[in-house]
Amino acid sequence: MKMKSQATMVCCLMFFLSTECSHYRSKIHLKAGDKLQSPEGKPKTGRIQEKCYGPCISSSNCSQPCAKDFHGEIGFTCNQKKWQKSTETCTSLSVEKLFKDSTGASRLSVAAASIPLHILDFRAPETIESVAQGIRKNCPLDYACIIDVVKSSEMTSGNIAFIVELLKNISTDLSDDVTREKMKSYSEVANHILDTAAISNWAFIPNKNASSDLLQSVNMFARHLHIHNKSENIVNELFIQTKGFHINHNTSEKSLSFSMSTNNTTEDILGMVQIPRQELRKLWPNAFRAISIAFPTLGAILREAHLQNVSLPRPVNGLVLSVILPERLQEIVLTFEKINKSHNARAQCVGWHSKKRRWDEKACQMILDIKNEVKCRCNYTSTVMSFSILMSPKSMTDKVLDYITCIGLSVSILSLVLCLIIEATVWSRVVVTEISYMRHVCIVNIAVSLLTANVWFIIGSNFNIKAQDYNVCLAVTFFSHFFYLSLFFWMLFKALLIIYGILVIFRRMTKSRMMVIGFAIGYGCPLIIAVTTVAITEPGNGYMRPEACWLNWDNTKALLAFAIPALVIVAVNLIVVLVVAVNTQRPSIGSSKSQDVAIIMRISKNVAILTPLLGLTWGFGIATLIEGTSLTFHIIFALLNAFQGFFILLFGTIMDHKIRDALRMRMSSLKGKSRAAENASLSPTNGSKLMNRQG
């Protein structure tokens, strides 16, 4: 009977205590939420309300409350007369919420039957004022009491910022004795905000140092981690992995390998940390810890502090690898697999300087950069503990190629303009037959096509696709594709002129019909190919490269829509030249008009010279797409491609003796007219007229 009444009393006390606790927590929640909670309560965090709709004045700001159950606000800035989200502090987390399920009432409801009556505390629970206090009170051994609350929270910018501060506080106040269990719990919390789904929300955190604070906090916490076995896989989360081992003076070369997935690829990206044998010899015989942490997504989050003369942001192209080593070790070797594996994704080895909050190029030196792998030798210090590879800015090699292209294109454009001027000057003297007329039509259109293509190429090379409009870059790519193809198809029409001339078909064709055929081949075929390529590849944004206004290669191989027709035309033209070489030995060729035969021979020589040059140019161009191609191929392609206009002027115009003769006659005619005008002005008749006027 006594036990029954005691149990009844305990139940009553439980009910009273839980009611008081609920009431107490309710008062805390309301007190924290009264100022910041949206009165209307939107169903989604960050929904734009009426006052931030519509047109706006540039550089003006607008703010709105967060959705229901979130505290903070969302900030907007006016950009190009439209409101754009700039900051967000919406959070559903708080210190009270982290530990609300770990209070005495929750534990009492489970274990009250076994607790003696005199131990029960009737007072309201003690207010938890800090994270450290709450963890010490509720889960000092493994920090597990905060995991469920954090992992169930929405990944808003405000919640991310709160979790960064949470991890920062734990690293500062609770890192004196870090066990494997504590490290796993700590990493689970960090993994939540390193998720690929959270990356976009990092941009709206007002504190721009939040990402570097996170990295520094993880490194600081791991510095105090104890390792019991010789080698351990301590943490194996999706977005953070930790491994460690013991090392000493006698240890042979040690390495830690990681394989993790990133946002940009479904395949795992590899990374490896190696401690060279010569460094291990610096250690004492007793054991030391070596710990490494890998982050696949942190590179996309890290924000560098602004620095003059440095282009920001600089994209990270591999895992971010942190290392914790004994102070005596200063040099490590790191191997990174590239995330972006395109042929022009050159790498730069860097270390993260925790005080300067930016990537430091001086911390590392590149050992190897081949295919998809980069190997770096880096200096480890207390301020530089994390390393990665960046998409390298232009190297000296790139600058050399740029200079070659710039000078070559200038010469090419001037040559093509001069070619068109010469053709206009001698036109009436050289177009004496239908074949000669069409030959010079071909030369003019080849020059116009290449000149226009070069202009579009210059526009595209100076176009920043990220800063400018996507559709403009698409237009630049399309017209470059179209006019470069036109150059080759007019070369093809030149070869057809030779075939028709040998078969003596041009006698039966009018000039207008030949013009229609020429323009259909020279511009019609390229237009069909270019439009078809856009129609097939552009629905998946695969027509042009993500980093430049030119045809895509890595994803859709759209560049083949230029390379295949160009190289096929080169092959056809070479076959035609061989046919002409054979037919010129036969007497039947003499049955044609001697004038036409001479023109056909000049066309053949022109095609025989220009075709191999164009073929070599784009043959080397295709070779440069192969991973690990020698720099020599890039330089040869840049030279040949840039000087194509000069080749057309030289071999298509200047080396043609008929054009030279016509040009000399034109110049002689101009000189003759000039002398006649001078003589006329000095004649006696003009002199007497002048005297009469003066009189």
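All residue numbers in this chain count up from 1 along the given sequence.
- Contacts of Cys419 classified as disulfide bond (SG atoms under 2.5 Å apart), with partners at least two apart in sequence or in another chain: none.
- In this structure, Ser388 OG and Asn317 CG are separated by 8.0 Å, a value rounded to the nearest 0.5 Å.
- For the residue pair Leu416 and Ala447, the shortest heavy atom distance occurs at CD2-CA, 3.8 Å.
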Under 3.5 Å, side-chain donor or acceptor atoms of residues 482-491 against the rest of the protein: list the pairs with distances, not counting sequence neighbours.
{"from": "Tyr484", "atom 1": "OH", "to": "Asn454", "atom 2": "OD1", "distance (Å)": "3.4"}
{"from": "Ser486", "atom 1": "OG", "to": "Phe482", "atom 2": "O", "distance (Å)": "3.0"}
{"from": "Ser486", "atom 1": "OG", "to": "Gly522", "atom 2": "O", "distance (Å)": "3.4"}

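- Residue Thr653 is tested with Ile422, Val426, Leu663 for a side-chain contact (heavy atoms from CB on, under 4.5 Å); the sole match is Ile422.
- For Glu538, there are no salt bridge (charged side-chain N to carboxylate O under 4.0 Å, His left out) partners two or more places apart in sequence or in a different chain.
- Here Cys525 pairs with nothing under the disulfide bond (SG atoms under 2.5 Å apart) rule; sequence neighbours left out.
- Of all heavy-atom pairs between Thr537 and Ala558, the closest is CG2-CB, 4.2 Å.
- The shortest side-chain heavy-atom distance between Gln348 and Met366 does not fall under the 4.5 Å cut-off.
- Glu337 and Asn372 form no side-chain donor-acceptor contact under 3.5 Å, judged by distance and modelled atom types alone.
- Contact check for Ile635 versus Ile404: side-chain heavy atoms found under the 4.5 Å cut-off.
- Cation-pi geometry between Lys511 and Tyr437 is met: the NZ or CZ atom falls under 6.0 Å from the ring centre, inside 45° of the normal.
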For side chain to side chain contact (heavy atoms under 4.5 Å, CB included), just list the numbers for Val316 and Trp359, CA-CA rounded to whole Å, side-chain angles, deciding distance to a tenth of an Å, and then say yes or no.
CA-CA 10 Å; Val316 174; Trp359 293 111; 3.9 Å; yes
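- Put simply, the side chain of Arg660 reaches to within 4.5 Å of the side chain of His657, judged on heavy atoms.
- Across Phe493 and Met438, no two heavy atoms sit closer than the pair CE2-CE, 3.4 Å.
- Between Phe562 and Trp550, the ring planes lie perpendicular to each other; the angle is over 60°, past the 30° to 60° tilted range.
- You'll find the side chain of Leu551 reaches within 4.5 Å of the side chain of Tyr543, heavy atoms only.
- Between Asp661 and Arg666 there is no salt bridge, since no side-chain N of the basic residue sits under 4.0 Å from a carboxylate O of the acidic one.
- Thr77 pairs by the side chain to side chain donor-acceptor pair (under 3.5 Å) definition with Asn61, Ser86, not counting sequence neighbours.
- Remark: Cys442 engages no residue in a disulfide bond (SG atoms under 2.5 Å apart) (not counting sequence neighbours).
- Residue Ile659 comes nearest to Glu423 through the heavy atom pair CD1-OE2, 3.7 Å, listed as atom of the first residue, atom of the second, then distance.
- Per the SG-SG cut-off, Cys376 and Cys349 are bridged by a disulfide [distance under 2.5 Å].
- Listed here is the closest heavy atom pair of Val333 and Lys375: CG1-CG, 3.7 Å.
- Put simply, the side chain of Leu420 reaches to within 4.5 Å of the side chain of Leu451, judged on heavy atoms.
- Contact record, Lys338 with Ala347: CE-CB, 4.3 Å, taken as the closest heavy-atom pair.
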